[in-house]
Peer 1: 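One structure, pasted below without further comment.
Remember, it's a predicted structure, so these values are computed and weren't measured experimentally. Throughout, a chain's letter reflects where its sequence line sits, starting with A, and its residues are numbered from 1.
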2 protein chains.
Amino acid sequence: MPGRAETRLQAKILTRLRDAGPQSRIQLSEHFEVSRTTIGTELGRLTALHLVEEIGPAASRGGRRSTVIDLAGHVRFVGIAIGATSVSTAVTDGRLRVLAFERTECDVRRGPEPVLELAAEQTRRLLVKLGVDRPLGVGVGVPGPVDFSRGIPVSPPIMPGWDGYPARDLLGRRFDCPVLLDNDVNVMALGEQHAGAAGTVENFLFVKVGTGIGCGIVAKGELYRGMDGCAGDIGHIPVADSVAVCACGNTGCLEASFGGDALARDALATAQSGRSPLLRELLERTGTLTAADVGEAVGAGDATSVQMVRDGGRRVGEVLAGLVSFFNPSLIVLGGGLTLLGHVLLAEIRGAIYRRSLPLATRNLPIMMSDLGPQAGVIGAARLVSQEVYGVAR
Amino acid sequence: MPGRAETRLQAKILTRLRDAGPQSRIQLSEHFEVSRTTIGTELGRLTALHLVEEIGPAASRGGRRSTVIDLAGHVRFVGIAIGATSVSTAVTDGRLRVLAFERTECDVRRGPEPVLELAAEQTRRLLVKLGVDRPLGVGVGVPGPVDFSRGIPVSPPIMPGWDGYPARDLLGRRFDCPVLLDNDVNVMALGEQHAGAAGTVENFLFVKVGTGIGCGIVAKGELYRGMDGCAGDIGHIPVADSVAVCACGNTGCLEASFGGDALARDALATAQSGRSPLLRELLERTGTLTAADVGEAVGAGDATSVQMVRDGGRRVGEVLAGLVSFFNPSLIVLGGGLTLLGHVLLAEIRGAIYRRSLPLATRNLPIMMSDLGPQAGVIGAARLVSQEVYGVAR
DNA sequence: CTGACTTCGGCCGGGCGCCTGCCGAAAGGC
DNA sequence: GCCTTTCGGCAGGCGCCCGGCCGAAGTCAG
């Protein structure tokens, strides 16, 4: 029955083992510039807590072989990423490597009870399959603002019925372990920080272009959530040349002119108007059009679809250009469903940012696609709760 | 000869005395939830360092009277705020109360040597007047991006000749004490955090509308500077309906459509076109028009000038609306020279933000004018270096 | 005025985190 | 087989912080 780390050094050791893999005592003491003795005593306690274990001797460095320490083999975390239209779950080991993953289509608008029931059941299935008795922690991402300290969604525009629903505490009782609830883009940013290109970067933005558009902010190596937990909600920033009516009631929101829903709507209008024979064909085949259909059309070289994506990408890029001037990040990672639109979208966003931001801010600013795909959210959710269990910032 | 604080608790004690005033040992131990003994030993060391001193007995609380501790009376900091057109200097005590203040008009474009010479001479004058031998530290704000860790300006657009100039180290040798160099809006934000409405707030924006437009960002109680030290440079974010050419080479920058220079330019055009008799009169009287003249015209009820300010305020507000959605601050403070335009500007900015940001983000978002005026910069600069001397984050 | 009570603040001994020094165990090289 | 190197546990020491004790310095009731 493993416990939780207590001291600062324990947290640093566990984090190091999580992010850099198994280490010898010597390596740890050199990395943290702390004596072998200190590392040794803390490792003793962590062993007693069943959080780490010795996994065998390392190669000799000319003398006695050192013993390699790793996170205990039985440690398991659960990451749950609830999207607008899907629920993804993963079980990971202590180093957040995904051991099992499952994704189910599910509309978040069905309300908290059925969606969380589905998520919990999906999780239970994976845990049983892996023979896991009890995970050390569960991280959850939901597509709306969250009061992180209380673990409840607040005024989520696309999640009717979720406002104030005590999701964290209910899941905590269900799984009998620590549960943390956060915004979906926030956990995706954490996922990118863990497994993606953002690993060593202090300040970066994770921009999700999916059904909606949102942004996870990492400042000085830590998630920034804002006063109400709604920082990064860039989907409703006005864009210049748009009068599209948004679900939020305003007009000209970025999300109303691009993003999954807007793209599907525009594709439908385009298909019906006959400007794109390819889209019309796709519409007639399936009876409906989605953003993925537009992606397919772009891949097939459909000029009208390419233009739609370009226009959208330019608008996203123009909004991001302003945010780059404001935030001066070291990196921007693009993720979410619409990354299927690939290099056309990336090129347009890059062009807009490099054209419209301060040269000083873009001089060393890589802008790249996430390579974690649908797993960014679940890995990040697991990372979120791993920090709690490993005692980071306590 | 006072030294610098060494331990974390010492830094906390000094900061507390700076921000909350003289305290008894008991008050300090209760506030930090640390034993009397610990406070006592640290205070002993701080006394030996000549950083604190006993200033007499407090009122009795029913028993023996406690001894009140204060920052040592001889402690002095210097704050220097270099603006686009002025150099302000203040000497403060350990609690950052301004003991002497001087402001000289001076164009920063004259280059680093003459401007820093003027600043140093102005400082020297104040120090002599107050009989100060040596300040404990000097903080400096300059109107452009700064590599904070190296203490040098980087690619400052409005400061030709300053790029890479080792301002911090040169001033350090001149004053023989620690010197810190930062962006002017950053130090103004610190000033507001110390003496203004932002004192207890974790996340806020200080927006300066002066010759240019910039923004200081405080996140989780700490200044956020971005990767290159140019975070908050919002003057070059594009605004919707503007084609004004900016000094940066782009068109449609916020700063090109509003701010001191743009306002003076527009006022001149308006006066020459005859649309505003009042502005024409002001132009003919002085031969030139400044933003202050527009302020006077607004005060006199000149409709054209009011409209100019309204248009500008709306544009600033629209940009800020996007940043509010992104950053979700608890407070926005407006400062800089154009606060002379007063409630017209404030009302317009407020209107645009409340109209165009997420309701969740604006629900509890005060937007107010700074009440520190020209002293925000010097107080903030002194605060910046006081944190260094007091050992914060070391 | 006096004695009981309260608060303040210095001193003492102890727990704990971290250090260095030392030594035996375990490996490699000749 | 012996020396060298590395590893890792143990002993002793230092600094930080704690609670307990006690004298100093107040208040207050009678």
Side-chain angles (χ1 to χ4, degrees), chain A residues 3-17 20-49 51-70 390-394, chain B residues 3-17 20-49 51-70 390-394:
Chain A
R4 296 210 235 171
E6 286 300 324
T7 73
R8 183 57 37 90
L9 184 56
Q10 284 175 22
K12 285 160 78 177
I13 292 172
L14 293 168
T15 303
R16 176 76 181 163
L17 292 175
Q23 311 263 313
S24 72
R25 290 169 171 83
I26 300 291
Q27 285 175 295
L28 288 170
S29 76
E30 281 170 3
H31 181 259
F32 292 121
E33 294 179 314
V34 104
S35 79
R36 286 133 256 219
T37 319
T38 307
I39 292 290
T41 54
E42 293 306 336
L43 284 179
R45 287 170 209 181
L46 289 173
T47 306
L49 289 168
L51 284 171
V52 307
E53 60 192 18
E54 300 188 344
I55 60 168
S60 167
R61 296 202 297 175
R64 175 176 168 174
R65 294 160 71 187
S66 60
T67 316
V68 177
I69 314 290
D70 195 6
Y390 291 167
V392 178
R394 203 183 327 150
Chain B
R4 296 210 234 172
E6 287 300 324
T7 73
R8 182 56 38 89
L9 183 56
Q10 284 175 21
K12 284 160 79 177
I13 291 172
L14 293 169
T15 303
R16 177 75 181 164
L17 292 175
Q23 311 262 311
S24 72
R25 290 170 171 83
I26 301 290
Q27 285 175 297
L28 288 170
S29 75
E30 280 170 3
H31 181 258
F32 292 120
E33 293 179 315
V34 103
S35 77
R36 285 135 255 213
T37 319
T38 308
I39 293 290
T41 53
E42 293 305 337
L43 284 180
R45 286 170 211 181
L46 288 174
T47 306
L49 291 168
L51 283 171
V52 306
E53 61 193 17
E54 302 188 343
I55 60 168
S60 167
R61 297 202 298 174
R64 173 174 170 176
R65 297 160 72 188
S66 60
T67 315
V68 177
I69 314 289
D70 195 6
Y390 290 167
V392 177
R394 205 185 319 152

Peer 1: CG of Leu9(B) versus C1' of dC18(D): gap in Å, rounded?
Peer 2: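 Between C1' of dC18(D) and CG of Leu9(B): 13 Å.
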Peer 1: When you measure from the side chain of Thr47(B) to the backbone of Leu43(B), do you find a donor-acceptor pair of N or O atoms at a distance under 3.5 Å?
Peer 2: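 Here the side-chain-to-backbone pair exists.
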Peer 1: Have a look at Arg8(B) and say if it touches a base, only the backbone sugar-phosphate, or nothing, with a 4.0 Å heavy-atom cut-off.
Peer 2: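 Answer is nothing: Arg8(B) stays at 4.0 Å or more from every strand.
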Peer 1: dC10(D) C1' sits how many Å from Arg36(A) CZ, rounded?
Peer 2: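 One finds 15 Å between C1' of dC10(D) and CZ of Arg36(A), rounded.
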Peer 1: Does Arg61(A) put a side-chain nitrogen or oxygen below 4.0 Å from OP1 or OP2 of dT4(D)?
Peer 2: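 False: Arg61(A) side-chain N/O out of range (4.0 Å or more) of dT4(D) OP1/OP2.
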Peer 1: Relative to the 5' end of DNA chain C, which residue comes earlier, Ile39(A) or Pro57(A), by the nucleotide with the nearest heavy atom?
Peer 2: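 Between the two, 5'-proximity favours Ile39(A).
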Peer 1: Hey, is the side chain of Ser60(B) poking within less than 4.0 Å of OP1 or OP2 on dG26(D), counting only N and O atoms?
Peer 2: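 Indeed not, no polar side-chain atom of Ser60(B) lies that close.
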Peer 1: What is the separation between atom CD on Glu30(B) and atom P on dC18(D), rounded to the nearest whole Å?
Peer 2: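 The answer, rounded to whole Å, is 13 Å.
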Peer 1: Arg8(B) and Glu42(B): salt bridge (Lys or Arg N to Asp or Glu O under 4.0 Å), yes or no, with the steps?
Peer 2: CA-CA 10 Å; Arg8(B) 182 56 38 89; Glu42(B) 293 305 337; over 6 Å; no
Peer 1: For Ser60(B), is there any backbone N or O sitting under 3.5 Å from a side-chain donor or acceptor partner on Arg65(B)?
Peer 2: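 No, the answer is negative, given that no donor and acceptor are paired below the 3.5 Å cut-off.
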Peer 1: What is the distance, to the nearest angstrom, from the CD atom on Glu6(A) to the P atom on dC16(C)?
Peer 2: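 Distance check: Glu6(A) CD to dC16(C) P gives 14 Å.
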Peer 1: Map Val68(A) and Thr38(B) onto DNA chain D by nearest heavy atom, then report which one ends up closer to the 5' terminus.
Peer 2: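 First, find each residue's nearest nucleotide; the 5'-ward one identifies Val68(A).
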Peer 1: With heavy atoms under 4.0 Å as the rule, sort Ser24(B) into base, sugar-phosphate or nothing.
Peer 2: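 Nothing: the residue Ser24(B), judged by heavy atoms under 4.0 Å, touches no strand.
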Peer 1: Is it true that a side-chain atom of Thr15(A) and a backbone atom of Ala11(A) form a donor plus acceptor pair closer than 3.5 Å?
Peer 2: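 Side chain of Thr15(A) to backbone of Ala11(A): a pair is present.
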Peer 1: Please state how far atom CD in Glu42(A) lies from atom P in dC19(C), giving the value in whole angstrom units.
Peer 2: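 Atom-to-atom, Glu42(A) to dC19(C), this comes out as 11 Å.
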Peer 1: Under 4.0 angstrom, heavy atoms only, what part of the nucleic acid is Thr37(A) near: base, sugar-phosphate, or nothing?
Peer 2: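 Here Thr37(A) touches the bases of the nucleic acid.
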Peer 1: Classify the nucleic acid contact of Ser66(A) as base, sugar-phosphate or nothing, counting any heavy atom under 4.0 Å across all strands shown.
Peer 2: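 Here Ser66(A) touches the backbone only, sparing every base.
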Peer 1: Whole angstroms only, please: what is the CZ-P distance between Arg25(B) and dA24(D)?
Peer 2: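 After rounding, the reported distance stands at 17 Å.
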Peer 1: By nearest nucleotide on DNA chain D, pick out whichever of Gly40(A) and Arg64(A) is the more 5' one.
Peer 2: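 Its nearest nucleotide being more 5', the pick is Arg64(A).
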Peer 1: Let me spell it out: for each of Thr41(A) and Gly63(B), pick the nucleotide of DNA chain C with the closest heavy atom. Which residue's pick is nearer the 5' end?
Peer 2: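 Counting from the 5' end, the first nearest nucleotide belongs to Gly63(B).
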Peer 1: Atom CD of Glu54(B) to atom C1' of dG10(C): distance rounded to whole Å?
Peer 2: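 Going from Glu54(B) (CD) to dG10(C) (C1'), I get 12 Å.
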Peer 1: Starting from C1' on dA26(C), measure out to CD1 on Ile26(A) and report it in whole angstrom.
Peer 2: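 So the two atoms are 13 Å apart, to the nearest Å.
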Peer 1: Which pair of heavy atoms, one from Ile26(B) and one from Arg36(B), lies closest together, and at what distance?
Peer 2: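 What the structure gives for the nearest pair is CD1-CG, 3.8 Å.
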Peer 1: Val34(B) has a side chain; which of dC18(D), dC18(C), dC7(D) sits nearest to it?
Peer 2: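 For Val34(B), the side-chain atoms sit closest to dC18(D).
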